[in-house]
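Working notes, structure below.
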Number of protein chains: 2
Amino acid sequence: MPRVAVSTDLVVLTVREQCLSALMWRRDLPPYAGCWSLPGGFIQLDEDLPAAASRLMAERAGLADVRIHLEQLQTYGYPDRDPRQRVVSVAYLGLAPDLPASTRAQVLWTAVDELVGSDPAAFDHRRILLDGVERARAKLEYTSLAAAFCPAEFTVAELRRVYEIVWGTPLDPRNFHRKVTGADRFLVPTGRTTTRDGGRPAQLYIRGDAEQLRPPMLRQRPC
Amino acid sequence: MPRVAVSTDLVVLTVREQCLSALMWRRDLPPYAGCWSLPGGFIQLDEDLPAAASRLMAERAGLADVRIHLEQLQTYGYPDRDPRQRVVSVAYLGLAPDLPASTRAQVLWTAVDELVGSDPAAFDHRRILLDGVERARAKLEYTSLAAAFCPAEFTVAELRRVYEIVWGTPLDPRNFHRKVTGADRFLVPTGRTTTRDGGRPAQLYIRGDAEQLRPPMLRQRPC
DNA sequence: TCAAAAGTGTTTTAGCTACACCCATGA
DNA sequence: TCATGGGTGTAGCTAAAACACTTTTGA
């Protein structure tokens, strides 16, 4: 039977400087020299897919040994997506707090709006990025994944800012507070407080062990 | 870079005889002779992944040219999942009305509970099947996909039976009726009626063009 | 003392649950 | 006429939206 190359591409998202941002790799060699692409690489023969994703997260993205949510996104495999040869790519979605990534100049956090707006992308990486962003937006509704964008300890307002930036819509602080603090096992209070956001001191929380958020937090949709 | 074989396995589900059933393939050759497996096969070098899934749906499952919902499920690729060689498998999930499948004796609709209960499965196909079933169960909550299990024209009660069988929980017929007929573009009345379920004649509907169901129909969860 | 943000209380409204009730058919 | 399932009305509850209000800090 035919054998093909299998690669893994990473859509690594974070919230920084008021923008949903993705980790991009600037290509200096053909094909697509000068375009941005997603960090990725080929899998090894004796390597599981999640292991390959973790390895590339360290090697290519510079995010080794960091607590990052990683999940399989989708697999892309139409025949001419790579001009050199047939490559089937298993994309992974990573959600990270705002961390310094690789020290290489080639690897940069960039606002998603900027990436999809104008810059030319290599291969089908614009589509993969958009699929990853849509998956992240959807999962904030019915899971507790928003906390994956926050540091280990965070306030309710910081969590709310994640929702607002990822969805691009303002949320009522009062109702949001009630919703997330009332949800079972979403947030665990540490007892400590902080005034880093200004104003009255806010409770600090860490992530609870809930994965689902029921009932979900529905975003407003365009009618 | 290393090249590996890429296959597609199909989780094709339907509702028949009061059971959620899957299309299974009984293996008569090693490896795993005598076990059930999912219908599948290797992709061709010039073939897109959805095209491979459609082709195998026709060749292996006997469901050619039928209106079947097909979506990518997940990709499975740990190194020793096939004892012969490294195979990365892109699984697809198909939701079909109760149709006669392949005429081959090797291919059978079988109740999911029966399959996962006791019969030994080939490769990691039990896991793939369970992932497909869970995806289907989850998607009934927030999409209009339940209609993919129904014939072209169906009644509200038939749609409700799909939910009840897939979820394994009874639903209130009155509230269900209000919910689905009130949802925007989920159902389109044909004007015709039927008495095939007994009792008072029921409206026949066809699928509307809505994909999302908002607000979702939440199933009761174990606390 | 004031601005700013955290957090609580309250009113209104939407949607779900539970169940009483009527309707239209076949047997 | 009666059993069967289709379909409607309605009361009660839960949760969300909208917004007034109090609390606690830094400047």
Side-chain angles (χ1 to χ4, degrees), chain A residues 18 140-142 144 146 150 153-165 167 169-184 186-206 210 212-223, chain B residues 18 140-142 144 150 153-165 167 169-184 186-206 210 212-221 223:
Chain A
Q18 310 301 315
L140 291 206
E141 289 195 293
Y142 59 94
S144 59
C150 295
E153 291 199 341
F154 54 92
T155 66
V156 171
E158 287 161 359
L159 186 67
R160 176 167 49 84
R161 247 151 259 147
V162 166
Y163 275 90
E164 291 179 329
I165 290 170
W167 285 350
T169 50
L171 297 173
D172 185 292
R174 284 89 45 110
N175 294 334
F176 182 86
H177 187 279
R178 230 191 316 268
K179 173 87 181 174
V180 296
T181 54
D184 192 39
F186 188 172
L187 300 179
V188 180
T190 61
R192 283 184 290 283
T193 59
T194 182
T195 57
R196 64 189 178 214
D197 301 327
R200 169 176 168 180
Q203 267 291 337
L204 280 166
Y205 294 88
I206 58 172
Q212 300 291 309
L213 184 59
R214 293 181 77 101
M217 173 136 45
L218 297 180
R219 49 187 158 154
Q220 305 310 327
R221 291 272 184 154
C223 309
Chain B
Q18 312 300 316
L140 291 206
E141 289 195 294
Y142 59 94
S144 58
C150 296
E153 291 199 341
F154 55 92
T155 66
V156 170
E158 286 160 359
L159 186 66
R160 175 168 50 83
R161 248 152 258 146
V162 166
Y163 275 90
E164 292 179 329
I165 291 169
W167 285 350
T169 50
L171 297 173
D172 185 292
R174 286 86 48 110
N175 294 334
F176 182 87
H177 187 278
R178 231 190 316 265
K179 173 86 181 174
V180 296
T181 54
D184 192 39
F186 189 173
L187 301 178
V188 180
T190 62
R192 284 183 290 280
T193 58
T194 181
T195 58
R196 64 189 177 212
D197 300 326
R200 168 176 166 181
Q203 267 291 339
L204 280 166
Y205 294 87
I206 58 172
Q212 299 291 309
L213 183 60
R214 294 182 76 101
M217 173 138 43
L218 297 180
R219 50 188 157 150
Q220 304 312 327
R221 290 271 185 154
C223 309

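Convention: sequence-line order gives letters A, B, ...; per-chain numbering from 1.
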Distance-minimising heavy-atom pair for A/V180 and A/M217
CG1-CE, 4.1 Å

Give a yes or no answer on whether the side chain of A/S144 reaches the backbone of A/F186 with a donor-acceptor pair at less than 3.5 Å.
no

Can you figure out which of D/dG6, D/dA16, D/dA18 approaches the side chain of A/N175 most closely?
D/dA18

Within residues 191-201 of chain A, residues whose heavy atoms come under 4.0 Å of DNA chain D
A/G199, A/R200, A/P201

Touch check for B/P215, heavy atoms < 4.0 angstrom, all strands: base, sugar-phosphate only, or nothing?
sugar-phosphate

So, OP1 or OP2 of D/dA15: does either fall under 4.0 Å of a side-chain N or O from A/K179?
no

Rounded to whole Å, please give me the gap between NE2 in A/H177 and P in D/dA18.
19 Å

For atom CZ of B/R174 and atom P of D/dT10, their distance in whole Å:
15 Å

Picking from D/dC21, D/dG6, D/dT8, the nucleotide nearest the side-chain atoms of B/A202 would be D/dG6

B/L140 backbone acceptor or donor facing B/Y163 side chain under 3.5 Å:
yes

When you measure from the side-chain N and O atoms of B/R160 to the phosphate of D/dG6, is any distance below 4.0 Å, counting only OP1 and OP2?
yes

I need the CG-P distance between B/L218 and D/dC13, as an integer number of Å.
21 Å

Walking DNA chain D from its 5' end, the first of B/A157 and A/D172 to be reached, judged by nearest nucleotide, is B/A157

Rounding to an integer number of Å, can you tell me how far B/L187 CG sits from D/dG6 P?
14 Å

Bounds of contact between DNA chain C and chain B, in 5' to 3' order, using a heavy-atom cut-off under 4.0 Å
C/dC16 to C/dT25

Rounded to whole Å, CZ of A/R219 lies from C1' of D/dA17 at a distance of 19 Å

Do the non-hydrogen side-chain atoms of B/K179 and B/P215 ever get within less than 4.5 Å of each other?
yes

To the closest 0.5 Å, what do you measure between CZ (A/F154) and CZ (A/R160)?
13.5 Å

Whole angstrom is fine here: how far is it from CZ in A/F176 over to P in D/dA15?
18 Å

Atom OH in B/Y142, atom CD in B/Q212: separation rounded to 0.5 Å?
7.5 Å

Taking the side chain as C-beta and beyond, is there a heavy-atom pair between A/T155 and A/L204 under 4.5 Å?
yes

How do A/E158 and B/M217 order along DNA chain C: which one's closest nucleotide is nearer the 5' end?
A/E158

B/L204 CG - D/dG6 C1' separation (whole Å):
12 Å

When rounded to the nearest 0.5 angstrom, what is the spacing between CG in A/L218 and CD in A/E141?
5.5 Å

Gap between atom OG1 of A/T194 and atom CD of A/E158 - 0.5 Å precision
7.0 Å

